[in-house]
Amino acid sequence: MLPWRAGAGERADPYRVLVSEVMLQQTVVKTVEPRFHMFVNRFPAVEALAAASVDEVLHAWQGLGYYRRARGLHRAAGEIVRNHGGHIPDDVETLEGLPGIGAYTARAIAAIAFNRPVVPVDGNVRRVLARLAAIDRPATKLAAPIAALARKLESDFRASDTAQALMELGALCCRPANPACGTCPWERCCRSRALGLETSLPRPPEKIRRPELFATAWLARRSDGAILFRRRPDEGLLGGLIELPSSPWCGTNAIVEPDFGTGFALLPGSVRHVFTHIRLEMRVMTGQCETHPDGFFHPPDGCSTLALPTLTRKLLRHAGLD
DNA sequence: CACCCGTGGTC
DNA sequence: TGACCAAGGGT
């Protein structure tokens, strides 16, 4: 039983279901759990979330990745308060109209929080259904037949439990590798099992290649010890988050001197970080700086109030800070 | 539709 | 250590 779910005979809090489902997008339960508790403690209801600033929400989202989700959730809260009287919509169509809520999340909220007879299809359910019906198609053409099958499974019978049970079946039994078919309630009606295809379906997608990029980060400290930071653009990678100034990320591994400050020296070693589509290696230079036109200074012991991506945390740690 | 968007756990 | 991958959405 997950902490944001309703117990037996209880009714799930739709706001908590909304927050948890957005956090769970491409993020495992174990990672989400502690972050969920922090988040709903800080923003206990949709009104509190809507009233918060984007920076507060990004800070609460720190380390979870896919930071666009935090912006979408914040905007969705605003729309829910403004257009829906502070009540989370209970129908798929309205939910899908909210920012950051797509086909899966809309159905997950409708089913889990409101017991609507819909079947949310996440990665687990996609795998369960692809195997059950032995749908042998490339990953890019799986969506339509899976959605059609999911519609046929819609039922008024305990829709909330059914939705969670399907996902759990995929996570615990119908696993990507080493599926535990012997314990599966659907073993005898599974087409893949009958055909001996249970481990070869669904077909794995082509693997991605990450280009390797390099950059130099500049850790500049003012005479009072404050550190120079800058804010990234709202759109794109790590949108709106705070980082150390650095050279542009490029394909050649060269140390780049800053065009500001004084006394910069290279730290030994480097920091590696892997994004969805980029592999990055950064060197760190430390030096002094008193003013900067684009950045801002922040005391080192107050970094906990900034929305720093994990890359920046690694860089600070590499320099012996944080 | 292909591509963009993070991170931490696991093997 | 590296590849894989997870309760996806937006463009």
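Below, read A as the first sequence line, B as the second, and so on, with proteins coming before strands; counting in each chain starts at 1. Just so you know, these numbers come straight off a predicted model, no measurement behind them.
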Please confirm whether the shortest side-chain N or O distance from [X] to OP1 or OP2 of [N] is below 4.0 Å.
{"X": "Thr310(A)", "N": "dT7(B)", "value": "yes"}
{"X": "His273(A)", "N": "dT7(B)", "value": "yes"}
{"X": "Thr105(A)", "N": "dG9(C)", "value": "yes"}
{"X": "Gln26(A)", "N": "dG8(C)", "value": "yes"}

Classify [X] by what it touches in the nucleic acid, base, sugar-phosphate, or nothing, heavy-atom distance under 4.0 Å.
{"X": "Leu238(A)", "value": "sugar-phosphate"}
{"X": "Pro99(A)", "value": "sugar-phosphate"}
{"X": "Arg279(A)", "value": "sugar-phosphate"}
{"X": "Gly63(A)", "value": "sugar-phosphate"}
{"X": "Pro309(A)", "value": "sugar-phosphate"}
{"X": "Val125(A)", "value": "nothing"}
{"X": "Thr140(A)", "value": "sugar-phosphate"}

Can you figure out which of dT11(C), dG8(C), dC4(B) approaches the side chain of His277(A) most closely?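 Closest nucleotide among those given: dC4(B).
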Integer-rounded Å distance: [N] [atom2] and [X] [atom1]:
{"X": "Tyr66(A)", "N": "dC5(B)", "atom1": "OH", "atom2": "P", "value": "10 Å"}
{"X": "Met23(A)", "N": "dA7(C)", "atom1": "CE", "atom2": "P", "value": "17 Å"}
{"X": "Ile278(A)", "N": "dT7(B)", "atom1": "CD1", "atom2": "P", "value": "12 Å"}
{"X": "Arg313(A)", "N": "dG6(B)", "atom1": "CZ", "atom2": "P", "value": "16 Å"}
{"X": "Asn124(A)", "N": "dC5(C)", "atom1": "CG", "atom2": "P", "value": "13 Å"}

Does one side chain, of [X] or [Y], offer a donor that lies under 3.5 Å from an acceptor on the other?
{"X": "Arg127(A)", "Y": "Asn124(A)", "result": "yes"}
{"X": "Glu243(A)", "Y": "Thr312(A)", "result": "no"}
{"X": "Arg69(A)", "Y": "Thr27(A)", "result": "yes"}
{"X": "Tyr104(A)", "Y": "Gln25(A)", "result": "no"}

Arg232(A) to Trp249(A) six-membered ring, cation-pi geometry met (6.0 Å, 45°):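 Here Arg232(A) passes the 6.0 Å and 45° test against Trp249(A).
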